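Report on the following structure.
Since the structure is predicted, the reported quantities are computational estimates derived from the model, not experimental observations. Just so it is clear: chains get the letters A, B, ... in the order the sequence lines come, proteins before strands, and each one is counted from 1.
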Number of protein chains: 2
Amino acid sequence: MVNKPAQRPQNEQLHSPKAVTPTRKSFQRLADADRRRALLEATLDCIGEAGASGASARRIAERAGVTAGLIRHHFGSMDEMVRQAYAHLMTQLTSEAAEAARAGGDSPEAALARFVAANVMQPNLSPRKVSLWATFIGRVDGEAGYSVIHRDSYREFLEVLTRLIHPVLVKHGRPSSPEACRSLAIALNGLIDGLWLEGSLDHGLYDPHRLPGIALSAAEGLLRLPDTALLRHLTDLPPQD
Amino acid sequence: MVNKPAQRPQNEQLHSPKAVTPTRKSFQRLADADRRRALLEATLDCIGEAGASGASARRIAERAGVTAGLIRHHFGSMDEMVRQAYAHLMTQLTSEAAEAARAGGDSPEAALARFVAANVMQPNLSPRKVSLWATFIGRVDGEAGYSVIHRDSYREFLEVLTRLIHPVLVKHGRPSSPEACRSLAIALNGLIDGLWLEGSLDHGLYDPHRLPGIALSAAEGLLRLPDTALLRHLTDLPPQD
DNA sequence: TCGTTCTTTATACAGTCGTATAACAGACGA
DNA sequence: TCGTCTGTTATACGACTGTATAAAGAACGA
């Protein structure tokens with residue numbers, strides 16, 4: 001799993017004779033926040049491409065164009081950096097989806113429809129993102145630091161969803177108590193998560209372009225809205241290549 | 001991440017002086033199938049408890065009560081064993097859920113309700129199972145061997161679901177063409193996956209006991225069934241502690 | 001009871017892991 | 001232009017990785 005015996009010697013070219021005066025790699029100093037972000041994104045890149053086992057300190061550092069020692073300097077430990085990369089990812093994910101709902105100030109139905117659809121369309125529908133997400137989810141149970149990040153980001157997502165659902169329910173005269181809203185938000189979140197997941201993995205069993213339609217139709221039924229209450233906003237959406 | 005510096009020396013007691021006549025560990029030979037199953041289950045245990053990084057060949061072997069060399073003997077490589085452990089897990093998961101639907105030969109609605117509910121109740125609702133599942137899902141993109149296992153098990157699940165949905169739609173006079181069934185199965189699968197996932201992780205944001213009710217109510221809406229068409233079978237279900 | 005078979009143990013190996021430490025050098029104020 | 005600060009590189013260390021190999025011993029037929 002680790003030991004692919006014959007690896008390239010990786011001599012890196014452009015080295016001066018080296019035995020005489022061992023010249024060092026030139027570098028530039030960055031502000032703490034900038035270097036941290038670069039490392040976090042390199043971490044996500046590595047995990048996304050090669051999985052958790054392929055994301056070693058040395059490999060991440062190389063990806064970020066620095067040496068491995070910097071990890072300790074900026075994050076204290078590898079573990080801590082990976083944890084922060086998870087938080088970084090989840091912040092990105094939910095903020096991107098929430099932004100999709102804000103774009104355009106139409107009816108409550110339109111906003112909800114855009115949000116639901118955006119979660120099962122590119123760029124959110126992405127094997128890389130699902131791989132990353134899944135890798136981290138695998139650590140939520142048992143590793144305390146991960147579970148609080150998960151809980152926080154899940155709560156955030158539920159709240160966004162609740163704020164989108166409530167006005168729609170009111171407008172259509174459906175029960176809209178906090179409890180009703182919450183149950184529906186939980187269910188709708190499940191639907192979105194599951195479709196996003198399977199759609200992203202792109203197993204070839206169906207065309208992912210069908211997902212926005214499937215998701216919106218299911219959401220209508222789930223919320224007991226009249227047919228096409230959400231679906232009719234599908235044409236507003238940006239085209240899918 | 002790997003190097004917890006001060007590990008127990010792990011001397012194992014019950015050793016004869018050892019320098020004189022180096023006695024070997026006693027063992028018993030097992031049939032190939034039995035030893036393989038034992039190793040696969042030890043693999044799942046290790047990944048479930050410590051994550052992918054904690055599931056080394058030596059640790060898995062120790063868990064199974066053997067030495068690491070056996071992995072090569074029975075599986076050829078560590079990678080191959082882990083892949084087969086994934087297939088083993090997915091077979092378990094879907095067959096357990098399908099069995100829940102078979103138990104009791106009532107109406108189509110009851111069978112569907114049992115299946116949906118079983119997926120969001122113990123013992124399917126389990127942090128261990130979600131952790132395992134997520135860890136493997138993280139490898140589906142990019143590692144070819146995993147993607148075919150994923151596709152096969154997903155297709156299997158979809159087919160089970162379709163067979164359960166169809167008679168219910170017919171009975172209630174809803175559209176039941178293959179295409180309609182398939183779209184609904186995809187959506188319902190998403191709902192089940194998502195609720196199973198979040199419920200298993202048990203973030204403390206709501207009581208998982210509410211999940212069967214939420215899932216069944218959402219499924220009713222999703223399939224456009226009359227209210228309580230599925231929910232009224234909830235009382236048949238085995239009590240949740 | 002002896003031989004044979006082949007699962008299993010034991011050990012060695014090269015490579016990678018995370019991280020601690022010390023020397024270097026970029027950036028900036030004086 | 002020189003010092004100072006500290007972000008960064010380089011290197012060493014011990015633990016652990018997967019796997020290849022050979023010896024051992026459990027099970028079973030004759």
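To the nearest angstrom, C1' of C:dT19 lies 12 Å from CE of A:Met78. Note: CG (B:Asp32) to P (C:dT7) measures 7 Å, nearest angstrom. Whole-Å rounding puts the A:Ile60 CD1 to C:dT19 P distance at 11 Å. A:Phe75 has its CZ atom 15 Å from the C1' atom of C:dG18, to the nearest Å. Nucleotide D:dT11 holds its C1' atom 10 Å from the CZ atom of A:Arg58, rounded to whole Å. The CG atom of B:Leu70 sits 16 Å away from the P atom of D:dG25 (whole-angstrom rounding). One interatomic measurement links the two molecules: CZ of B:Arg59 to C1' of D:dT17, which rounds to 10 Å at whole-angstrom precision. Atom-to-atom, CG of B:Asp79 to P of D:dG18 comes out at 9 Å; the value is rounded to the nearest Å.
Among the protein residues, A:Ile71 comes within range of no part of the nucleic acid, since none of its heavy atoms lies under 4.0 Å from any strand.
Side chain of A:Ser126 to main chain of A:Pro123: no donor-acceptor pair is present (N/O by atom type, distance under 3.5 Å, no hydrogens or angles).
The pair A:Arg83-A:Glu80 meets the salt-bridge criterion, since a charged nitrogen lies less than 4.0 angstrom from a carboxylate oxygen.
Every salt bridge (charged side-chain N to carboxylate O under 4.0 Å, His left out) that B:Glu96 has, sequence neighbours left out, goes to B:Lys129.
No N or O donor and acceptor, one from the side chain of A:Arg35 and one from the base of D:dG7, sit under 3.5 Å apart.
Take the nearest nucleotide of DNA chain D for B:Gly54 and for B:Lys25: the residue whose nucleotide is more 5' is B:Gly54. Nearest-nucleotide mapping onto DNA chain D: of A:Val66 and B:Gln28, the residue sitting toward the 5' end is A:Val66.
Proximity of B:Arg24 to the phosphate of D:dA26: no side-chain N or O atom is located under 4.0 Å from OP1 or OP2. Contact annotation: B:Ser56 side-chain N/O to D:dT17 OP1/OP2 distance is under 4.0 Å.
For the salt bridge (Lys or Arg N to Asp or Glu O under 4.0 Å) criterion with B:Glu49, the lone passing option out of B:Arg63, B:Arg128, B:Arg59 is B:Arg63. Results of the side-chain contact (heavy atoms from CB on, under 4.5 Å) test with A:Ile149 over A:Phe136, A:Tyr154, A:Tyr86 single out A:Tyr86 as the only residue that passes.
Judged by the 6.0 Å and 45° rule, B:Arg182 forms no cation-pi pair with A:Tyr206.
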- Produce a footprint string for nucleotides 1-6 of chain C: one letter per nucleotide, 5' end first; B if the base is under 4.0 Å from any protein heavy atom, S if only the sugar-phosphate is, - if neither. -----B
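B:His150 and A:Glu198 share a side-chain donor-acceptor pair at under 3.5 Å.
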